[in-house]
Structure formats: structure tokens, C-alpha cells
Amino acid sequence: MDEKVAKTPRPHMLDADEVAELLRIKKGSAYEVIRRINAEQEARGRVVIRGRVRSDVFDSLYFPEVD
């Protein structure tokens, strides 16, 4: 039986250009957003990549799903 199971999309890394476009802000402000999110993630013991942020973390902070 080869049943296809729907998978949730794997999170990817957003850069400053993508963050700026999503939030409609300047690129410099997008870097500030990324730094703040990454600082919170580092405080939780997670590994971060400078200048990038995981899309799932970003989405949960700026575009939470409303039930």
C-alpha cells in the first residue's frame, strides 16, 4: 500500500530581503528584526545563522494563526 501522506512544508531560512518584503519595512530594519529573533533563539539554546531566521519561527511571531 502506497498511501501518500501530506507533509507539512519544511521551514527554510529567510534573509533580510525576504523579511523586509514580508513586513514591508526597510532592509536595515529587517536585520534588526532578525537579530532580535536570533537573540531569543540563542537564549533558548538553539543554533542560529547570522543574517537569517527560520521561517517557522518568524511566521509564529509575526503571522500567528488565529483559530
Side-chain angles (χ1 to χ4, degrees):
M1 293 203 310
D2 290 328
E3 292 183 35
K4 296 195 178 200
V5 178
K7 293 168 111 178
T8 57
R10 185 174 181 184
H12 65 280
M13 302 301 284
L14 299 172
D15 63 12
D17 290 324
E18 294 169 309
V19 170
E21 184 178 329
L22 289 168
L23 297 179
R24 297 180 180 171
I25 58 176
K26 293 183 179 182
K27 191 173 179 180
S29 298
Y31 277 116
E32 288 295 323
V33 169
I34 291 171
R35 277 193 283 274
R36 185 179 55 78
I37 293 171
N38 282 344
E40 291 173 5
Q41 294 300 306
E42 280 184 321
R44 294 180 180 182
R46 296 190 176 137
V47 177
V48 299
I49 298 173
R50 288 181 54 183
R52 296 193 179 256
V53 64
R54 280 179 50 134
S55 61
D56 60 337
V57 174
F58 175 81
D59 289 342
S60 69
L61 290 171
Y62 285 93
F63 304 105
E65 293 183 26
V66 179
D67 290 331

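Taking the side chain as every heavy atom from C-beta outward, Val33 and Ile25 approach each other to under 4.5 Å. Contact annotation: the side chain of Val19 approaches that of Phe58 to within less than 4.5 Å [non-hydrogen atoms, C-beta and beyond].
Val48 approaches Gln41 most closely through the heavy-atom pair CG1-CB, 3.7 Å. Among all heavy-atom pairs drawn from Ala30 and Ala20, the shortest one is CB-N, 3.7 Å.
Applying the side-chain contact (heavy atoms from CB on, under 4.5 Å) test to Arg54 and every residue at least two apart in sequence or in another chain returns Pro11, Met13, Asp56, Val57. The side-chain contact (heavy atoms from CB on, under 4.5 Å) test applied to Arg24 returns no partner, not counting sequence neighbours.
In terms of hydrophobic clustering, with Ile, Leu, Val, Met, Phe, Trp and Tyr side chains grouped at heavy-atom distances under 4.5 Å, Ile34 and Tyr62 are assigned to a common cluster. Residues Ile37 and Val47 fall into different hydrophobic clusters, defined by Ile, Leu, Val, Met, Phe, Trp and Tyr side chains chained together at heavy-atom separations under 4.5 Å.
With respect to the salt-bridge test (charged N to carboxylate O, under 4.0 angstrom), the residues Arg36 and Glu40 qualify.
Using modelled atom types, no side-chain atom of Glu42 and backbone atom of Ala39 make a donor-acceptor pair closer than 3.5 Å. A donor-acceptor distance shorter than 3.5 angstrom exists from the side chain of Ser55 to the backbone of His12, with no hydrogens or angles considered. Panel note: side chain Asp15, backbone Gly51; no donor-acceptor pair is recorded below 3.5 Å.
Here NZ of Lys27 is found 14.0 Å from CD of Glu32. Values are rounded to the nearest 0.5 Å.
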